[in-house]
Every structure is written in structure tokens, then in C-alpha cells.
*Asks:* 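Attaching a single structure in C-alpha cells format; questions to follow.
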Amino acid sequence: MLAVWLLQPLVALLVLPYNSWALVDPQSVHDDLESLLSPGAEVALRSNSTYAEDFTPRYNIATQPSYIVGVKPALVGDVQKVVIYAVERNISFLATGGGHGYSTSLGRFKGGIDMDLGKFNSIQVDSLAKTMTIGGAVRANEVATALQAVGMEIPVPQCPCIGFAGATLGGGIGPYSGLYGAISDSLISVELITAEGQVLNVSQTEYADLLYGIKGAGSNYGVVLSLKYRIYPATNDGYAMNADMTFLGSQNGSVWALIKQFSVSQPRELSIGISIRYSPDPTLEGVIITANFIYAGPQAEGKALIQPFINLKPLNVNISTVPWNYIPATANDGAIVEYGCSPGVYYVPYGVNLYQVDIPNLVSSVGYMDRAMATNPELRGASIVWQQYAHYGFQLYSQDTSAFPFRDVIAFVQVDGVGSSASQGLALTQFGREMRDMLQNGSGRDELSVFVHFGHGDEDPAAWFSRDNLPRLMSLKNVYDPLGIFSWYNPVKRY
Ligand SMILES: Cc1cc2nc3c(=O)[nH]c(=O)nc-3n(C[C@H](O)[C@H](O)[C@H](O)COP(=O)(O)OP(=O)(O)OC[C@H]3O[C@@H](n4cnc5c(N)ncnc54)[C@H](O)[C@@H]3O)c2cc1C
């Protein structure tokens with residue numbers, strides 16, 4: 001440990017964050033880790049086929065981290081050893097949960113250790129105490145399935161395959177956020193390994209300031225091995241309405257008018273998802289709009305609420321009642337599972353939060369998208385994705401309780417660019433930036449604000465964490481990670 005602290009000032013002067021890949025021999029790192037760790041741990045050279053078979057693949061391959069060695073620790077002590085080993089030798093390392101983090105900021109990570117937390121996969125549910133404790137690599141669908149089995153619930157993200165811890169560390173949002181807020185609002189405590197290899201039990205009674213930072217900016221402060229949450233008795237006996245419908249692009253003004261009405265009076269049980277994309281069907285003439293409605297209540301009630309959308313005469317309507325944990329598999333006619341759970345996507349992400357529904361701006365943005373896609377086929381893999389939740393759940397918690405700053409957002413919007421090559425990536429990058437700028441102009445805010453998980457990676461940290469939160473988050477960074485070891489994913493401080 002002493003060696004670490006003696007080295008720190010020198011290393012800090014030379015290179016931040018940690019990364020000395022050019023000097024590192026992968027085989028030595030592999031052999032060192034193998035001899036250090038418990039028999040249950042797994043170590044593989046990145047170049048070895050075992051790595052491709054056993055380690056968590058990346059969702060986004062356009063700008064992914066590059067590794068020399070993968071390690072799957074089996075015990076808390078293994079994680080401590082990897083951290084201390086890597087810090088002492090100035091080798092960068094990155095925790096992997098579900099592998100779905102897609103910010104381009106991760107592409108700065110080159111030649112270090114992939115610390116795959118895949119063996120931290122336990123789920124314990126205590127229905128009496130209304131708590132759940134999970135390992136750092138548990139997936140969203142595993143949480144939903146475990147809670148559904150015992151008649152409980154919690155907000156889960158739309159995509160079932162993402163790491164539940166990974167989502168929580170950035171706040172995390174999903175269809176039941178209207179009822180309960182961000183996923184991180186339900187977080188009670190975590191077990192965290194610091195950059196010094198210390199184990200901290202972080203809760204409201206110990207390290208309360210760090211808990212505030214972990215709820216929204218969590219990937220900045222350490223490796224999280226277990227997380228304890230409040231859980232809630234299932235709404236409507238664990239069943240929800242799912243409704244999908246498709247509109248012509250030319251109907252977008254009418255759709256936005258209804259969206260605007262809902263934005264001021266959205267029932268907490270209702271979540272709305274809108275997706276605008278190019279349709280390969282030439283009879284539909286350009287972009288189409290798919291709308292998804294999830295209602296945590298009886299189907300008749302939900303259907304009555306969304307009747308104004310049905311009155312617009314969509315091209316199709318598909319309404320069903322499903323167990324709460326099947327929502328991600330059912331919503332958008334199953335498209336989320338199909339596209340969100342298949343890693344290896346060439347993905348160019350952009351995002352922007354909207355604080356109002358500016359109909360003229362939205363109509364002109366959709367018109368721009370339609371024209372751009374008509375003339376440039378390389379852009380046809382792009383879509384605008386809109387998630388709108390009631391404010392009720394978010395406003396159960398005051399702003400100073402966590403680093404998640406988006407309690408008054410009307411819509412969390414993504415401009416998803418999916419391509420297959422670097423040249424297409426350039427076109428999608430330009431398009432994504434233009435769309436982000438256009439939408440930002442009608443956002444109701446002077447400065448860009450983006451849900452940290454939907455960020456491209458080029459934003460100012462104030463866009464992800466808010467200007468109000470940043471000073472407190474930077475102070476925490478100075479205390480718990482002064483060398484910037486945990487600064488690869490949309491960091492609070494740029495190095
Ligand atoms: C298709 C798709 C749909 C999505 N839908 C939603 C949604 O509906 N709602 C939502 O909130 N988000 C959504 N996201 C975003 C998602 O929450 C983030 O990408 C999140 O970072 C994914 O976590 P992960 O563990 O899967 O990814 P990783 O790539 O494994 O991790 C992302 C970052 O978090 C860090 N990290 C992960 N786990 C730990 C841990 N245990 N300890 C310390 N650091 C850790 C990693 O080091 C990395 O820096 C979606 C993403 C995709 C690709």
C-alpha cells in the first residue's frame with residue numbers, strides 16, 4: 001500500500017487517468033493475476049479464445065474499450081487484489097457489469113484489464129423487509145423475474161439485458177419510474193471497493209455523502225460488488241397493459257399535440273415511449289412513428305387513457321395485458337429484446353432531455369429527419385427515441401438526495417444511430433449532432449442537459465450531473481478517487 005501512495009504524485013504528474021498500456025506485457029499481467037487470485041477466479045488473455053467465450057461482450061462496438069487481459073474475480077478479496085495490483089503498476093482497469101454502456105468516452109480506455117463482475121450474480125429478496133440485495137453484474141431481467149415471483153416490483157430499464165447495477169449507478173429510468181422515481185432512488189446501500197482496495201459499506205449512516213454521489217454518478221467512485229434496494233408490493237397484482245401502435249410520419253404534429261397534453265397531467269401508472277424511424281415500406285412514404293404505452297393497472301383503464309391516440313387512427317393497434325416482468329419483451333412488438341440484447345452493434349448515440357413539448361420544433365425536426373433519410377441511405381439506421389414518465393415518482397425525492405438531477409424532465413430523448421461501418425459512423429455522427437442541436441433548441445433550457453446513460457460522451461459533465469451537483473461530486477472525487485482511476489465512463493471531471 002505504501003508503494004501506491006509514494007507513486008501517486010509522480011504518476012499524477014505523468015499521466016491521468018491511469019493507463020500505461022504501451023509498457024505492459026499482457027502475458028505477465030495474466031500470470032501475475034492468476035497467481036494472486038482465488039481458485040474460483042478466471043483470467044484470460046484478450047487474444048485467447050476463452051476470452052470471447054467466457055467474458056461479457058460489448059453492446060456497442062463502434063467505440064469500445066480495448067483490453068489486454070480479462071479477469072473474473074470470484075471473491076471480494078479478488079477484486080481488492082486486482083485493484084491494488086493494477087494501481088501499483090499503473091495499469092488501467094474497468095469494471096464490466098452488463099457490457100451495455102455505450103458512451104464514446106469508454107473508447108478512451110486502451111490496453112488495460114477488463115474486470116468482469118460476472119461472478120457477482122446473486123439476488124436475495126426479503127419480501128417481509130421489502131428489500132433486495134444483488135451482485136454487481138445482475139441483469140435487469142433477472143431482477144424483474146425474481147421480484148415478480150414474490151409479488152414485488154421496482155423500476156427496471158426498458159432493456160432487460162443491461163446491468164442493473166450499471167443502470168443504477170447513472171440513476172436508471174424505466175416504465176415504473178412514474179411510480180417510484182429513478183432506480184437509484186430505491187438504493188439503500190452498496191458495498192464498494194475504492195481505488196485503494198478498501199471495502200466500504202456505503203449507506204445513509206456511513207459515508208452518506210458517497211451514497212449521494214453513487215446515486216447518479218456512481219461509476220466515478222469505485223467498483224460496486226453488491227447493492228441493496230427498497231422494493232414495493234406489485235401494482236395491479238403484477239400485471240400491466242402494454243399497447244403498441246404505428247402512425248404515419250405525416251401524423252407527427254397530431255401525436256405531439258397529445259404528447260403535450262399528457263406532459264402536464266400524466267398519470268403515474270402510465271409511461272409513454274415514442275420512436276421515429278425510417279420505414280423500408282415504400283407505401284408508407286418516409287419515416288414512421290411507433291408509440292408504446294405501458295399502464296400499471298387494469299387494461300380497461302389504460303385503454304381509456306390512451307383512447308385519444310387510438311382516435312388518430314394509427315396503422316395498427318396491439319393491446320395486451322402482460323405480467324410486469326414481460327413488459328420489455330412485449331413492448332414495441334418485442335423490438336427492445338431483439339435489438340437491445342444482441343451485442344456487437346455499431347452504435348452512434350446522442351441524447352437530449354426536453355423540459356417542454358415544443359410542437360413546431362418537433363415537427364420541423366421530424367421533417368428534417370425525413371428529408372435527410374430520403375436523400376442519404378446511410379442515415380436510415382437512425383431513430384429518435386422518446387421516453388416520457390410521470391413526474392410523481394421523481395418528485396418523491398428532493399434534489400439534494402442524489403446526483404441524479406432530472407426530476408422535472410418531460411422526455412428523455414435519444415438519437416440512436418445504428419450503422420455497420422466507420423464511414424457510415426461519420427454520417428450518423430454528423431446527423432446525431434445536428435438532431436441533438438435541433439431538439440436542444442426546443443428543450444426549454446439554454447444549456448444542454450442529457451441523462452448520463454444516453455450521453456454521447458462529448459458533453460460537458462454539467463450536462464450529465466447539473467451545475468448544482470458538480471462541485472459536490474468533484475469534492476467526492478478528490479476524496480475517494482483523487483487519481484481519476486474510475487474516470488472512463490462520462491466522468492464528473494475530465495482528465
Ligand atoms: C439497448 C439499451 C437500452 C437501454 N435502456 C435503458 C433504459 O431504459 N433505462 C436506463 O436507465 N438505461 C438504459 N440504457 C443505458 C444503460 O443503463 C447504461 O448503458 C448502463 O451503463 C449499462 O450498464 P451495464 O452494466 O450493462 O454496462 P457496462 O458497460 O458493463 O458498464 C457501464 C459503466 O458502468 C460501470 N459499471 C457497471 N457495473 C459496475 C459496478 N458493479 N461497479 C462499478 N462500475 C460499474 C462500468 O465500469 C462502465 O463504466 C440502455 C442501454 C442500451 C444499450
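In this chain, residues are counted from 1 in sequence order. Computed from heavy atoms alone, side chains included, the values below leave out hydrogens, waters and symmetry copies. As the structure lists them, so they are numbered: ligands from 1, and atoms in each ligand from 1.
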*Asks:* Between Q64 (side chain) and L106 (backbone), is there a donor-acceptor pair under 3.5 Å?
*Replies:* no
*Asks:* Got the closest protein heavy atom to atom 35 (C) of ligand 1, with its distance?
*Replies:* S219 CB, 4.0 Å
*Asks:* If you measure from the Lys or Arg side-chain nitrogens to the Asp or Glu carboxylate oxygens, is any gap between D185 and R230 under 4.0 Å?
*Replies:* no
*Asks:* Any pair with a residue in residues 155-166 that passes side chain to side chain donor-acceptor pair (under 3.5 Å), sequence neighbours left out, goes on the list, sorted by first then second residue, please.
*Replies:*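 Counting only pairs at least two positions apart or across chains, no side chain to side chain donor-acceptor pair (under 3.5 Å) contact touches residues 155-166.
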*Asks:* Is R472 positioned over the aromatic face of Y212, cation under 6.0 angstrom from the ring centre and no more than 45 degrees off axis?
*Replies:*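 So R472 does make the cation-pi contact.
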*Asks:* If you measure every N or O of G99 against every N or O of ligand 1, does any of those distances drop under 3.5 Å?
*Replies:*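 Checking ligand 1 against G99, an N or O pair does fall under 3.5 Å apart.
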*Asks:* Can you tell me if F451 has a non-hydrogen atom under 4.0 Å from ligand 1?
*Replies:*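 Flag set, F451 near ligand 1.
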*Asks:* Short N/O distance, under 3.5 Å, between G340 and ligand 1?
*Replies:*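 It does not: no N or O of G340 is found under 3.5 Å from an N or O of ligand 1.
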*Asks:* Looking at E191 and K228, is any side-chain nitrogen of the basic one under 4.0 Å from a carboxylate oxygen of the acidic one?
*Replies:* no
*Asks:* Can you pull out the closest protein heavy atom to atom 13 (C) of ligand 1? Residue, atom name and distance to 0.1 Å, please.
*Replies:* I162 CD1, 3.6 Å
*Asks:* Where is the nearest protein heavy atom to atom 47 (O) of ligand 1: which residue, which atom, and how far?
*Replies:* A95 O, 2.6 Å
*Asks:* For G222 and ligand 1, answer yes if some heavy atom of the residue is under 4.0 Å from a ligand atom, otherwise no.
*Replies:* yes
*Asks:* Return the closest protein heavy atom for atom 21 (O) of ligand 1 as residue, atom name and distance.
*Replies:*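 I find the closest protein heavy atom is H453 CE1, 3.3 Å.
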*Asks:* Tell me, yes or no, whether the heavy-atom count around R436 atom CZ, taken from other residues, nucleotides or ligands under 6.0 Å, exceeds 12.
*Replies:*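 It does: R436 CZ has more than 12 such atoms within range.
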*Asks:* So is there a nitrogen or oxygen of G174 less than 3.5 Å from a nitrogen or oxygen in ligand 1?
*Replies:*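 So ligand 1 has no N or O lying under 3.5 Å from an N or O of G174.
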*Asks:* Do any nitrogen or oxygen atoms of I173 lie less than 3.5 angstrom from nitrogen or oxygen atoms of ligand 1?
*Replies:* yes
*Asks:* Out of I306, L305, N236, which one pairs with M241 under the side chain to side chain contact (heavy atoms under 4.5 Å, CB included) rule?
*Replies:*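 Of all the options given, the one that passes is I306.
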*Asks:* If you take the nearest heavy atom of each of G170, G98, P328, which one is closest to atom 24 (P) of ligand 1?
*Replies:* G98
*Asks:* G101 heavy atoms, cut-off 4.0 Å: which ligand 1 atoms fall inside?
*Replies:* 19 (O), 21 (O), 22 (C), 27 (O), 28 (P), 29 (O), 32 (C)
*Asks:* Under 4.0 Å from a heavy atom of L117: give me the atoms of ligand 1 that qualify, with their elements.
*Replies:* 40 (C), 41 (N)
*Asks:* What part of I183, side chain, backbone, both or neither, has a heavy atom within less than 4.0 angstrom of ligand 1?
*Replies:* neither
*Asks:* Is it the case that ligand 1 has an N or O less than 3.5 angstrom from some N or O of H100?
*Replies:* yes
*Asks:* Is the shortest side-chain N to carboxylate O distance from K72 to D114 below 4.0 Å?
*Replies:* no
*Asks:* Hey, is OH on Y346 packed in by over 12 heavy atoms from elsewhere, all under 6.0 Å?
*Replies:* yes
*Asks:* If hydrogens are left out, which of C161, P175, C159 has an atom nearest to atom 5 (N) of ligand 1, that is, the closest non-hydrogen atom?
*Replies:* C159
*Asks:* Quick check: does F454 get an N/O under 3.5 Å from an N/O on ligand 1?
*Replies:*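 Between F454 and ligand 1, no N or O pair is found under 3.5 Å apart.
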*Asks:* Relative to Y67, does R46 satisfy both conditions: NZ or CZ under 6.0 angstrom from the six-membered ring centre, and within 45 degrees of the ring's axis?
*Replies:*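 Geometry flag: not set, cation outside 6.0 Å or 45°.
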*Asks:* Quick check on contacts: which atoms of ligand 1 are under 4.0 angstrom from a heavy atom of T96?
*Replies:*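 So the answer, numbered in order with elements, is 30 (O).
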*Asks:* Of the protein's non-hydrogen atoms, which lies at the shortest distance from atom 49 (O) of ligand 1, and what is that distance?
*Replies:* Y489 CB, 3.1 Å
*Asks:* Suppose the criterion is side chain to side chain donor-acceptor pair (under 3.5 Å): which pairs have a residue in residues 476-485, not counting sequence neighbours?
*Replies:*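 For residues 476-485, and leaving out neighbouring residues, the side chain to side chain donor-acceptor pair (under 3.5 Å) pairs sorted by first residue read K477-D481, K477-S487, N478-K493.
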*Asks:* Check this for me - ligand 1, R58, N or O atoms closer than 3.5 angstrom, yes or no?
*Replies:* yes
*Asks:* I want to know whether F394 and F404 have ring centres closer than 6.0 Å.
*Replies:*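 Ring centroids of F394 and F404 are less than 6.0 Å from each other.
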*Asks:* I need the nearest protein heavy-atom contact for atom 52 (C) of ligand 1: residue, atom name and distance, please.
*Replies:* Y102 CE2, 3.7 Å
*Asks:* Just go through L169, N60, L94, V385 and tell me whose heavy atom is the nearest to atom 45 (C) of ligand 1.
*Replies:*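 Looking at heavy atoms only, the winner is L169.
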*Asks:* Give yes if a backbone or side-chain nitrogen or oxygen of G97 is under 3.5 Å from a nitrogen or oxygen of ligand 1, and no if not.
*Replies:* yes
*Asks:* Students should be able to answer this: which protein heavy-atom is nearest to atom 42 (N) of ligand 1, and at what distance?
*Replies:*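 For this ligand atom, the closest protein heavy atom is V224 N, 2.9 Å.
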*Asks:* Using a 4.0 Å cut-off to any heavy atom of G136, which atoms of ligand 1 qualify?
*Replies:*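 Going through ligand 1 atom by atom, the ones under 4.0 Å from G136 are 41 (N).
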*Asks:* Under a 4.0 angstrom heavy-atom cut-off, which atoms of ligand 1 come close to Q158?
*Replies:*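 Near Q158, meaning under 4.0 Å from one of its heavy atoms, ligand 1 has 7 (C), 8 (O).
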*Asks:* Under 2.5 Å between the SG atoms of C161 and C341?
*Replies:* yes
*Asks:* Please verify the inter-ring angle class for F412 with Y389; under 30° counts as parallel, over 60° as perpendicular, anything in between as tilted.
*Replies:*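 Judged by the thresholds at 30° and 60°, the geometry between F412 and Y389 is tilted.
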